[in-house]
Amino acid sequence: MSAPLEVDPAASSAQPEALLAGAGKIEGRSLWQISWMRLKRDKIAIAGGIFVLFLIVVGIFAPLICKLVGVTPNDFHQDLVDPSLQIPIGKLGGISASHPFGVEPVNGRDIFARILYGARISLLIAFLATLLSVVIGVVLGITAGYFGGWVDTLISRLMDIFLAFPLVLFALALVGVVPDSILGLKGDALRVALIVFIIGFFSWPYIGRIIRGQTLSLREREFVDAARSLGARRPYILFTELLPNLIAPILVYATLLIPTNVLFEAGLSYLGVGVRPPTASWGDMLSNAANWYQVDPMYMVPPGLAIFLTVLAFNLFGDGLRDALDPRSR
């Protein structure tokens with residue numbers, strides 16, 4: 001038989017705070033801090049996020065950058081174009097120290113400046129259209145998921161109708177019948193507003209379905225039952241209890257929806273229903289380059305590469321953000 005252990009009465013009566021006194025201050029981490037730690041470990045996602053920030057800065061300060069480089073987006077340089085062939089003089093589309101990306105055929109406009117100004121149009125339309133679709137989708141999705149019944153059925157059928165809508169054909173038809181001025185908007189402002197409306201208003205069902213599914217799960221949770229038992233009204237439950245718990249999927253889907261909108265805007269500009277020339281647009285530059293790819297293939301590279309890198313960066317950042325906010329999705 002082993003001897004009993006001797007226990008120091010002073011040690012047994014010590015308070016837990018005294019035992020942890022030497023451990024220092026212990027701080028808990030919030031879910032957002034944990035998600036940020038996960039995101040920082042994803043180097044590819046961080047690289048995509050840095051490139052996204054770079055694009056935003058480039059778009060905002062495009063006039064200043066062009067001024068520092070000494071280029072303009074709409075000035076013609078006929079002396080840099082072969083008068084007989086109408087293609088840039090020199091190799092690789094006329095690339096030089098004065099024109100880093102070369103010049104356009106026929107008119108000799110600087111491609112570098114037009115790429116920078118095109119970033120402003122593409123990102124502005126993509127962000128505004130995403131914001132519009134997120135607002136509509138979140139409001140209708142959370143309403144359908146929480147109320148259920150005939151409200152859910154009505155909104156769900158509305159989602160099905162919008163998803164079946166021929167969006168490209170509608171955009172082509174709408175741009176053709178819209179007058180030159182509406183509500184004081186005209187020119188590029190009217191075209192941007194019209195494209196934002198078309199993309200944002202008809203893209204909300206995608207995020208609406210996601211928010212509806214998440215709300216169906218959250219409305220049965222204990223904190224919602226507790227809010228009901230305390231007499232909370234429905235708007236309070238929707239926007240104070242449920243909405244904060246939907247921020248993660250909203251952020252993730254928004255970052256993945258932006259590159260889709262960038263492509264859609266480029267597609268509309270390629271078809272000739274985007275912003276009007278001479279305003280620079282990546283899709284319009286690709287449309288013009290399609291007529292010159294046999295004699296000046298470098299004309300297609302800058303706008304095509306800009307669209308490719310932008311979409312890739314947003315997708316990489318969105319995938320990393322999704323993994324950081326919801327590790328179970330891996």
Side-chain angles (χ1 to χ4, degrees), residues 20-62 64-65 115-116 118-120 122-135 137-138 141-142 200 203-204 206-211 213-215 217-218 221 223 239-266 282 304-330:
L20 295 175
K25 186 178 179 181
I26 300 176
E27 295 183 358
R29 293 190 179 96
S30 65
L31 292 177
W32 292 105
Q33 289 175 326
I34 296 173
S35 299
W36 171 240
M37 291 177 60
R38 295 196 193 105
L39 183 62
K40 287 194 298 184
R41 290 195 292 265
D42 191 343
K43 303 303 181 183
I44 296 179
I46 291 297
I50 293 174
F51 190 79
V52 168
L53 292 176
F54 170 75
L55 285 174
I56 295 174
V57 171
V58 165
I60 294 174
F61 296 102
L64 178 60
I65 297 174
I115 288 293
L116 297 187
R120 307 182 80 185
S122 295
L123 293 180
L124 177 64
I125 292 176
F127 278 111
L128 292 180
T130 300
L131 178 62
L132 178 61
S133 60
V134 165
V135 170
V138 168
I142 197 173
S203 299
W204 68 265
Y206 297 100
I207 191 171
R209 281 189 167 183
I210 295 175
I211 298 303
Q214 294 287 333
T215 305
S217 174
L218 289 174
R221 301 286 290 273
F223 66 90
F239 298 105
T240 305
E241 298 291 340
L242 292 177
L243 187 58
N245 290 278
L246 295 170
I247 295 298
I250 291 173
L251 288 176
V252 170
Y253 190 80
T255 55
L256 295 175
L257 186 61
I258 290 174
T260 302
N261 292 339
V262 170
L263 286 175
F264 196 85
E265 184 277 330
W282 292 343
L305 197 60
I307 296 174
F308 171 76
L309 292 178
T310 301
V311 174
L312 179 63
F314 273 107
N315 283 330
L316 291 178
F317 180 69
D319 289 340
L321 189 62
R322 179 191 58 197
D323 294 338
L325 295 175
D326 186 11
R328 294 173 298 178
S329 64
R330 293 187 178 184

(message) What's the separation between atom CG in L116 and atom CD1 in I60, rounded to the nearest 0.5 Å?
(response) 13.0 Å
(message) Rounded at 0.5 Å granularity, tell me how far CG in L132 sits from CH2 in W204.
(response) 11.5 Å
(request) Report the residues that fulfil salt bridge (charged side-chain N to carboxylate O under 4.0 Å, His left out) with R120, sequence neighbours left out, ordered by chain and then residue number. (result) none
(request) Please report the closest heavy-atom contact between S133 and I207, naming both atoms and the distance. (result) O-CG2, 3.6 Å
Can you give me every donor-acceptor pair (side chain of residues 243-257, partner residue at least two apart or in another chain, under 3.5 Å) with its distance?
from	atom 1	to	atom 2	distance (Å)
N245	ND2	E241	O	2.6
T255	OG1	L251	O	3.3
T255	OG1	V252	O	2.6

(request) Look up atom CD1 in I307 and atom CD in E265, then write down how far apart they are to the nearest 0.5 Å. (result) 8.0 Å
(message) Just checking F61: does its CZ atom have more than 12 heavy atoms from other residues, nucleotides or ligands closer to it than 6.0 angstrom?
(response) no
(request) To the nearest 0.5 Å, tell me how far T215 OG1 sits from I142 CD1. (result) 4.5 Å
(message) For a quick test of reading the model, state the closest non-hydrogen atom pair linking F51 to A313 and the distance between them.
(response) CD2-CB, 3.5 Å
(message) With rounding to the nearest 0.5 angstrom, report the CG to CD1 distance, N315 to I258.
(response) 10.5 Å
(request) Kindly give the heavy-atom pair with the smallest separation between N261 and S203, and that separation in Å. (result) OD1-OG, 4.5 Å
(request) Quick one: pull up OG1 in T310 and CG in L263 and give me the separation to the nearest 0.5 Å. (result) 9.5 Å
